[in-house]
There are 2 protein chains.
Amino acid sequence: MTAISFARGAPSPECIDVGLVADCAAAVLERDGKTVLSYGAGGGYGPLRELLAQRHGVDPGRVFVTTGGLQGFVFYAAVQLERRPGRVLVEGPTYDRPLKILRRHGAEVIALPMDEEGLDPDVLEAELARGGDISFLYTIPTFQNPSGRTLGEARRQRIAELARGHGLDVLEDDPYGLVRFEGESPSWLHSIEGGEHVTFTSSFSKTVAPGLRVGWFVVPEAMRAAYDDRVVSTYISPPFLPQAIVHEVHERGQFEPNLERIRGILRAQRDAMLGALERELEGRATWSRPEGGYFLWLDLGDGVDTGELLTRATEAGVTFVRGADFFAGDGGGSAARLAFSYEPPERVDEGVKLLAGLID
Amino acid sequence: MTAISFARGAPSPECIDVGLVADCAAAVLERDGKTVLSYGAGGGYGPLRELLAQRHGVDPGRVFVTTGGLQGFVFYAAVQLERRPGRVLVEGPTYDRPLKILRRHGAEVIALPMDEEGLDPDVLEAELARGGDISFLYTIPTFQNPSGRTLGEARRQRIAELARGHGLDVLEDDPYGLVRFEGESPSWLHSIEGGEHVTFTSSFSKTVAPGLRVGWFVVPEAMRAAYDDRVVSTYISPPFLPQAIVHEVHERGQFEPNLERIRGILRAQRDAMLGALERELEGRATWSRPEGGYFLWLDLGDGVDTGELLTRATEAGVTFVRGADFFAGDGGGSAARLAFSYEPPERVDEGVKLLAGLID
């Protein structure tokens, strides 16, 4: 039997509607084939840029459609560390790949501790008061990777004020926000602040298909030229076919129905995980209860080393990512990121049982 | 009327077979849709890596399929300048975008003068004898951008020997090699040297469609891990749909027939340009006579400033890229890169007439 993966931050294969993508591919090649298959604007396929520009209320020239969300981070970090050298503030814990990229740049990275409601504005304010140069704050406010936590609305207002007041540049990464199973969506920092200091990034990996590699970012007006130069000097233009497919999914009115279908699949998987954790680990561990996204954060408390647990779990046939991988400094030793995105409910259930057995 | 473009290094729209791409897209989504639309290996779509690995006689793990050839250069320059800091040797003239990327890295770039047969091995040997650290040599040996020149077979043997003898790392960029209208293809430096110091890069932009953004590079065995890390930390995995389409074009036996068709279109455009140059500028200028590719190099001789000419030409309705843009240092002031790749023969003819009128 293949191992049960709570490690993969990937959607269940069932989430991907191959037929929809195939229909859209055929339609865009039929209608706009020569454009789609030629070199074009470095910022991406025009009609998709326009659609996203409308969604964000900005000029299309501020929208850069990239080969996935991470590529947006790579562009942002390179441009931002060059124009504004200084330390980079991240959430502790945070997405591990950006940490690797920042390490490659030799950046000083400061992890700001979070609580159940995400980043604490008081902690951010204290960090700003320390003085010294800050390059930017990287935050994933909704269904955070890896913790599954969501920043509350009042905190968003305060963080946007801090950004404005201190001229703090912020990269708001929101790949999971639309994958919400229940509850109200809070506002984007980008909308609250107005997009002068906040750059927004997201992707269609979780809402259409990850393999299309279509992400986007919305940059401050003043930064357009720098990003234009950067993207053209990286790939001339990105592949337009996947971007045109995503645009066509919207044109057909299929984006929302497809997303609702995906939400249903992932909600069932999350429910299975929360249910199994309650049955198996109540009183012996704590975990986040996300209203959407891909992940929850399990903390087994002092005395448990999830690095060591991972070795035994892998042998037993279940995997996860150890908490320590998501910290810029120390932390996360007793924690684990559990992805409920990939496995169907019955395997989620089985995997949690296996894990619980190993924790005894 | 739209301006006649001898500036665009892009194929005539007629070169792109939209129907072939559409058929292949439908087939790969039907057969392998879930894989194509999911995250995968950072090095690219497995079947295409295997096909290219066979072509180059290497392990598939050494082949990285990227989002176009330039992205391969970006990866190579970043990894190479980090592991082996030193000056970068390029051809004078050379492709302008890599020059910009190298400038961004703050690299010291040395342009090695060429003659009609390309890079001169004696010049390279003298540069090696100067001592000091060399990061790598960047060369486009066949139908060079911008000069259209091709490095002779004997020179290739000597350059491969120099690479071996001096442990010189070389990036061999070959996007145009297969777009040959006549004559024999010389050997790849990569084949002669054996791929220990020579990294090979190319793309399907000129042989299938540029907008698919499918390039590849073949790295030395010792560099696999470094590139694996780099590509994953840039885009996790590249978009697989365009790569699967390129693979399917091969599977159907359509790669060669389609390429032969493209060669026919471009040959007619090159012939139109050479014919018009002979009629209009014989005795007043010199130019290269490439057996393939996209470009030729026009030199109007001392006393002509092609920067100034470009301003007047643009007003008159014909564009090109001025020679100076392709030099790391001084040079190219009286030269121009003329692309015959984009315009149909009658417009090529008209454009050369317009240019000749301005040169008087």
Side-chain angles (χ1 to χ4, degrees), chain A residues 8-11 13-19 21-23 25-26 28-30 32-40 45 66-71 73-74 78 82 97-98 100-101 103-104 205 208-215 229-230 232-245, chain B residues 8-11 13-19 21-23 25-26 28-30 32-40 45 66-71 73-74 78 82 97-98 100-101 103-104 205 208-215 229-230 232-245:
Chain A
R8 299 193 65 180
E14 209 194 327
C15 289
I16 300 172
D17 187 342
V18 176
V21 170
D23 289 349
V28 298
L29 286 169
E30 171 85 25
D32 202 18
K34 294 276 183 195
T35 302
V36 164
L37 297 177
S38 296
Y39 293 117
Y45 183 63
T66 59
T67 48
L70 192 68
Q71 174 74 73
F73 183 88
V74 168
E82 195 175 290
R97 292 191 198 279
K100 283 186 197 156
I101 292 163
R103 236 173 263 139
R104 200 164 72 197
S205 293
V208 182
L212 288 173
R213 312 307 299 119
V214 181
D229 183 60
R230 178 69 57 161
V232 171
S233 279
T234 299
Y235 46 48
I236 306 179
S237 50
F240 280 180
L241 180 55
Q243 302 187 0
I245 289 169
Chain B
R8 297 193 66 180
E14 209 194 326
C15 289
I16 300 172
D17 186 343
V18 176
V21 170
D23 289 350
V28 298
L29 286 169
E30 170 86 25
D32 202 18
K34 293 277 184 193
T35 302
V36 163
L37 298 177
S38 296
Y39 293 116
Y45 183 61
T66 59
T67 49
L70 191 67
Q71 175 74 74
F73 184 88
V74 169
E82 195 175 290
R97 291 193 197 279
K100 282 186 198 155
I101 292 163
R103 237 173 263 138
R104 200 164 72 196
S205 293
V208 182
L212 287 174
R213 312 307 300 118
V214 182
D229 182 60
R230 178 68 56 161
V232 170
S233 280
T234 299
Y235 47 47
I236 306 179
S237 50
F240 280 180
L241 179 56
Q243 303 189 357
I245 289 169

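Order of the sequence lines sets the chain letters (A, B, ...), proteins ahead of strands, with each chain counted from 1.
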Minimal non-hydrogen separation, B:C15 against B:P11, with atom names: CB-CB, 3.9 Å
Residue B:L212 versus chain A: region with a heavy atom under 4.5 Å: both
Side chain, backbone, both or neither: which part of [X] has a heavy atom under 4.5 Å from chain B?
| X | value |
| --- | --- |
| A:E14 | backbone |
| A:A25 | side chain |
| A:I101 | side chain |
| A:V18 | both |
| A:P238 | backbone |
| A:V214 | neither |
| A:K34 | both |

Flag the one option from [options] with the top tally of heavy-atom pairs under 4.5 Å to chain B.
| options | answer |
| --- | --- |
| A:T234, A:T35, A:L29 | A:T234 |
| A:A10, A:S237, A:G69 | A:S237 |
| A:I236, A:V208, A:V36, A:V28 | A:I236 |

Leading residue by heavy atom contact count with chain A [cutoff under 4.5 Å; candidates B:A209, B:A22, B:S38, B:G33]: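 Top count of heavy-atom pairs under 4.5 Å with chain A: B:S38.
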Using 0.5 Å steps for rounding, measure from the [atom1] atom of [X] to the [atom2] atom of [Y].
| X | Y | atom1 | atom2 | value |
| --- | --- | --- | --- | --- |
| B:F240 | B:I245 | CZ | CD1 | 13.5 Å |
| B:Y39 | A:R213 | OH | CZ | 5.5 Å |
| B:K100 | A:R230 | NZ | CZ | 13.0 Å |

Expected output: side-chain B:Q243 to main-chain B:Y45 donor-acceptor under 3.5 Å: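 Pair found, side chain donor or acceptor close to backbone of B:Y45.
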Check: B:L70 and A:Y235 side chains under 4.5 Å, non-hydrogen atoms: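 Heavy-atom side-chain distance check fails, nothing below 4.5 Å.
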Which residues share a salt bridge (charged side-chain N to carboxylate O under 4.0 Å, His left out) with B:R97, sequence neighbours left out: none
Residues that A:E30 engages under salt bridge (charged side-chain N to carboxylate O under 4.0 Å, His left out), provided they are two or more places apart: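 With sequence neighbours excluded, A:E30 shows a salt bridge (charged side-chain N to carboxylate O under 4.0 Å, His left out) to no residue whatsoever.
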